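What follows is a short report on a single structure.
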2 protein chains.
Amino acid sequence: MTMNATGGRRRPPTIHDVAREAGVSRGTVSRVLNGGHYVSPAAEEAVNAAIRKTGYVVNRHARSLITGRSDSVGFLLTEPQERFFEDPNFNVLLRGCTQALAAHDIPLLLMLAGTPDERRRIMRYITAGHVDGVLLVSSHSGDPVADELRDAGVPLVACGKPIGRASKMSYVAADDRDGARDMVRHLLSLGRRRVGTVTGPLDTPGGVERLAGYREVLAGEGIEVDERLIASGDYSRAGGEAAATRLLAQAPDLDAVFVASDLMAQGVLTALHRAGRRVPQDIAVGGFDDSPAALSARPELTTVRQPWDRISAEMVRVLLAQIGGEDPAAVILPTELVIRGSA
Amino acid sequence: MTMNATGGRRRPPTIHDVAREAGVSRGTVSRVLNGGHYVSPAAEEAVNAAIRKTGYVVNRHARSLITGRSDSVGFLLTEPQERFFEDPNFNVLLRGCTQALAAHDIPLLLMLAGTPDERRRIMRYITAGHVDGVLLVSSHSGDPVADELRDAGVPLVACGKPIGRASKMSYVAADDRDGARDMVRHLLSLGRRRVGTVTGPLDTPGGVERLAGYREVLAGEGIEVDERLIASGDYSRAGGEAAATRLLAQAPDLDAVFVASDLMAQGVLTALHRAGRRVPQDIAVGGFDDSPAALSARPELTTVRQPWDRISAEMVRVLLAQIGGEDPAAVILPTELVIRGSA
DNA sequence: CACGCATCTGTGAGCGTTCACAGTAGAGAA
DNA sequence: TTCTCTACTGTGAACGCTCACAGATGCGTG
């Protein structure tokens with residue numbers, strides 16, 4: 001190490017410095033940097049040594065200027081802020097994506113578009129080419145962002161099946177419907193017969209699909225679906241609490257509830273506790289997600305695990321493929337029933 | 001709008017296109033873009049109209065190439081991964097910083113440096129100038145990252161007072177010690193006399209300062225500090241549970257606990273519940289943070305609120321000032337006691 | 001009238017990289 | 001030998017922007 005041991009920023013070495021040090025031309029250094037094709041072993045070795053010696057790091061701005069690529073991707077949240085930081089799933093997903101991208105040496109830009117104003121600004125930023133692609137998280141069907149981005153030709157992968165989209169768009173999702181089926185079957189296997197459900201918002205894929213799974217199993221068992229056993233929530237704790245309260249009023253003989261998210265299930269537990277119902281003795285409760293919330297609930301939640309690590313890895317894989325020119329793809333991943341104390 | 005209504009990416013307009021459209025030179029457009037000094041009102045108006053018409057967005061790569069600035073900042077987490085997504089505080093902080101930066105149109109790059117390997121890669125990335133500054137979150141004193149960055153001359157703001165630093169470094173922190181004092185005083189005011197504490201890791205500022213506040217109040221009240229009433233945790237739920245179990249064994253006459261984080265307090269509640277102690281009747285529990293965890297606990301936690309929104313806003317303000325050439329600064333913000341069911 | 005000064009404008013250079021192209025050398029085929 | 005082909009290397013010319021500078025104009029002052 002020959003360089004600046006003392007503080008303060010020196011002018012960093014350029015590709016030119018490396019070329020001089022290695023006794024080759026800029027072009028050769030550039031070729032080594034980009035895969036090393038058409039470079040003699042001797043030259044490659046010399047360049048690598050020079051890179052180590054000078055501490056050279058490629059200037060991404062210069063590279064981006066010419067390639068038109070930014071070598072970064074955006075992680076876009078269109079939810080209103082509060083949902084973001086209340087929902088543990090987002091964090092797991094964010095972390096997974098960051099790490100999967102880091103393996104490709106691609107930084108992740110976190111973008112929050114809560115208000116229409118922010119949305120406009122961020123759309124400009126994205127469509128100006130400052131990111132190569134976008135990981136889009138949980139947009140409601142009313143959300144125009146996905147369509148706008150797709151129309152602008154920006155590579156895009158959604159988390160969760162986008163509902164109501166006309167044309168093809170990449171997405172990665174857990175098999176919501178199948179997970180819901182597993183849970184409802186489990187509740188029935190416990191001997192429960194008045195199985196209710198607290199759904200997610202019905203303009204989200206999770207809301208729709210998990211409810212569909214619930215209906216399917218009941219129908220399959222020849223049980224008529226009682227609409228009084230269905231209440232919709234908004235994925236928040238408070239929403240779950242309110243929904244459970246309604247459920248108890250409409251159907252006091254309730255003996256099990258399938259709740260479409262763990263966070264709502266926490267609210268459900270609160271409501272049941274206040275109503276003096278014991279869990280799981282009087283009413284069995286099943287959640288969805290297997291988020292950290294499932295473990296902090298009392299009793300711990302029986303739930304459906306979403307494979308977040310695989311979801312994030314697949315989102316990144318599909319996005320990079322799409323940036324590389326491949327066609328959009330849909331990936332559906334299996335869920336897993338996790339049995340704990342609440343059911 | 002005259003441009004590409006159809007999908008697919010066209011070559012985006014450049015500053016040259018805007019200049020031609022406005023009938024001025026590149027230089028004038030550039031001046032308008034950068035504050036509009038030394039530009040006649042007529043020219044400025046023409047340029048703005050041309051920008052609107054062409055849909056021009058500045059190419060940050062080209063700009064960065066010459067200015068040497070990236071117009072982005074990094075949000076660096078040096079914690080091992082699990083802490084990140086288990087701790088609700090991080091999310092609040094992350095969101096706050098993202099929004100505060102967005103107001104300056106500066107994107108935030110999320111960086112996770114869990115393993116030494118990742119750390120090296122990210123340090124290279126940062127020191128190569130790909131971000132203008134770094135928001136550093138909660139580094140243990142053993143963590144060399146802060147010193148390395150400072151030595152490299154990278155503008156830096158830490159969240160929480162860095163302990164054991166030789167020279168000055170910017171940081172923003174809640175007044176941990178004062179918050180702890182408030183809580184312990186509150187517990188004493190309830191008539192409790194065997195007040196224990198579960199500390200954070202003692203190589204973190206929060207761990208050290210909150211314990212110091214605890215000791216101060218007891219000393220001030222003339223109560224001798226019983227070391228059996230002190231157990232250290234690691235800010236995790238499990239750590240809190242283990243610490244509480246130790247505390248109960250060492251000091252069965254415990255009648256209150258000040259826990260240095262809400263998450264640990266959840267673990268403490270679990271341990272107390274298992275031991276058959278009622279909260280708050282038998283043992284009062286006070287947390288710290290006022291994170292979402294405080295509300296999901298049963299009973300809800302009496303805790304010390306950290307002003308996360310202000311903390312994030314101040315971190316961004318201080319960082320931008322430092323990037324602008326100002327000297328490092330330390331900011332300490334007041335906490336607030338929040339009384340709920342657990343004490 | 002000449003001069004300084006402030007305000008405004010255009011122009012060339014250059015930031016650090018990649019890309020296309022034009023070379024060079026050596027090996028093998030005709 | 002000569003020609004072709006492959007492997008490798010160097011060299012301008014961009015990419016889109018900012019910066020320094022030079023020029024132009026108008027106004028007040030000596």
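Sequence lines set the chain letters: A, B, ... in the order given, protein chains first and strands last, and positions in each chain run from 1. Since the model is a prediction, treat every value here as computed from it, not as a measurement.
- Taking only side-chain nitrogens and oxygens, B/Thr67 never comes nearer than 4.0 Å to OP1 or OP2 of D/dT18.
- Listed pair B/Ser40 / C/dT9 meets the phosphate criterion, a side-chain N or O lying under 4.0 Å from OP1 or OP2.
- Rounded to whole Å, the distance from CZ on A/Arg69 to C1' on D/dG16 is 19 Å.
- The distance from atom CG of A/Asn34 to atom P of D/dC8 is 17 Å, rounded to the nearest whole Å.
- Protein atom OH of A/Tyr56 is 10 Å distant from nucleotide atom P of C/dG16, rounded to whole Å.
- Put simply, CG on A/Leu33 is 15 Å from P on C/dG16, counting in whole angstrom units.
- D/dT18 atom P lies 10 Å from atom CG of B/Asp71, rounded to whole Å.
- What separates CZ of B/Arg63 from P of D/dG16 is a distance of 15 Å, to the nearest Å.
- Distance alone, capped at 3.5 Å, places no donor-acceptor pair between the B/Ser30 side chain and the B/Arg26 backbone.
- At least one donor-acceptor pair under 3.5 Å links the side chain of B/Thr54 to the backbone N or O of B/Ala50.
- Side-chain atoms of B/Asp151 do not come within 3.5 Å of backbone N or O of B/Glu148 as any donor-acceptor pair.
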If a protein heavy atom is under 4.0 Å from the base, mark B; if only from the sugar-phosphate, S; if neither, -; do that for nucleotides 10-15 of chain D going 5' to 3'.
BBBBBB
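- An OP1 or OP2 oxygen of D/dC21 is reached within less than 4.0 angstrom by no side-chain nitrogen or oxygen of B/Tyr38.
- Between the B/Arg60 side chain and the B/Ser72 main chain, no donor and acceptor come within less than 3.5 Å of each other.
- Atoms NE2 (B/His16) and P (D/dT18) sit 14 Å apart, rounded to a whole Å.
- For the pair A/Ile15 CD1 and C/dC19 P, the interatomic distance rounds to 11 Å; values are reported in whole Å.
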What pairs of donor and acceptor atoms, side-chain ones from residues 316-323 of chain B against any protein atom, are under 3.5 angstrom apart with sequence neighbours left out?
from, atom 1, to, atom 2, distance (Å)
B/Arg317, NE, B/Glu314, OE1, 3.3
B/Arg317, NE, B/Glu314, OE2, 3.4
B/Arg317, NH2, B/Glu314, OE1, 2.8
B/Gln322, OE1, B/Ser170, OG, 2.7

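- Taking the six-membered ring for Trp and thresholds of 30 and 60 degrees, A/His130 and A/Tyr125 have ring planes inclined between 30 and 60 degrees apart.
- Closest to the B/Val58 side chain, of the nucleotides D/dT9, C/dT17, D/dC17, is D/dC17.
- Formation of a donor-acceptor pair under 3.5 Å by the B/Asp132 side chain with backbone atoms of B/Val73 is not found in this model.
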